[in-house]
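Quick notes on the structure that follows.
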Amino acid sequence: MSDDADPEYSLNGITRDDLLRWKHHPVSKVVLRYLRDYAEMLRERQLAEIEQSEEPMPPKKQGEYKGRMNTLVELASIEFEHLLNFYPPEEEEEQDDA
């Protein structure tokens with residue numbers, strides 16, 4: 001679904017405005033801040049580990065750090081359009097079943 005989706009479109013009864021209200025709720029703000037701060041902490045931990053180690057960091061471990069940081073940042077940046085792109089409109093789902 002595109003960015004110019006109908007603002008009244010709902011996904012499982014949730015509209016863009018509902019998600020925005022949720023994101024601005026005090027509890028959500030703290031959780032979203034935690035996700036961003038946790039990603040930053042992992043970034044700092046990775047850098048410290050690289051700086052303090054005499055051996056290069058194994059690629060698998062570097063990838064794990066990168067994947068975890070990317071996931072946290074993605075979750076902290078969730079937008080209604082991300083949900084719409086992941087879950088097709090109901091009429092598209094019905095057509096896929098045919």
| Ignoring hydrogens and geometry, is there a side-chain-to-backbone donor-acceptor pair from D18 to T15 under 3.5 Å? | yes
| query | Would a hydrophobic clustering, with Ile, Leu, Val, Met, Phe, Trp and Tyr connected at side-chain separations under 4.5 Å, put M57 with M69? | reply | yes
| query | Charged N to carboxylate O below 4.0 Å: is that the case for R43 and E40? | reply | yes
| request: Determine the minimum heavy-atom distance between S77 and V73, stating which atoms define it. | output: OG-O, 2.8 Å
| To the nearest 0.5 Å, how far apart are CD in E79 and CG in L84? | 11.0 Å
| How many angstroms lie between CH2 in W22 and CD1 in I14, if you round to the nearest 0.5 Å? | 11.0 Å
| query | In terms of hydrophobic clustering (I, L, V, M, F, W, Y; side-chain heavy atoms under 4.5 Å; direct or indirect links), are L20 and Y9 co-clustered? | reply | no
| query | Is there a chain of hydrophobic side chains (I, L, V, M, F, W, Y, each step under 4.5 Å between heavy atoms) that links L75 to L32? | reply | yes
| task | Return yes if a side-chain donor-acceptor contact under 3.5 Å exists between R45 and Y65, otherwise no. | result | no
| said: Using modelled atom types and a 3.5 Å cut-off, is there a donor and acceptor pairing between side-chain atoms of S28 and backbone atoms of H24? | reply: no
| said: Would you say that more than 12 heavy atoms from the other residues, nucleotides or ligands in this model lie under 6.0 Å from the CZ of R36, or not? | reply: yes
| So, does K23 use its side chain to make a donor-acceptor pair with the main chain of I78 at under 3.5 Å? | yes
| Taking a hydrophobic cluster as the set of Ile, Leu, Val, Met, Phe, Trp and Tyr residues connected by side-chain heavy atoms closer than 4.5 Å, whether directly or through intermediates, do L47 and L42 fall within one such cluster? | no
| query | Please walk me through it: do Q46 and K61 pass side-chain contact (heavy atoms from CB on, under 4.5 Å)? | reply | CA-CA 9 Å; Q46 179 186 28; K61 192 166 191 177; over 6 Å; no
| query | Going only through I, L, V, M, F, W and Y residues with side-chain contacts under 4.5 Å, is there a path from L35 to V30? | reply | no
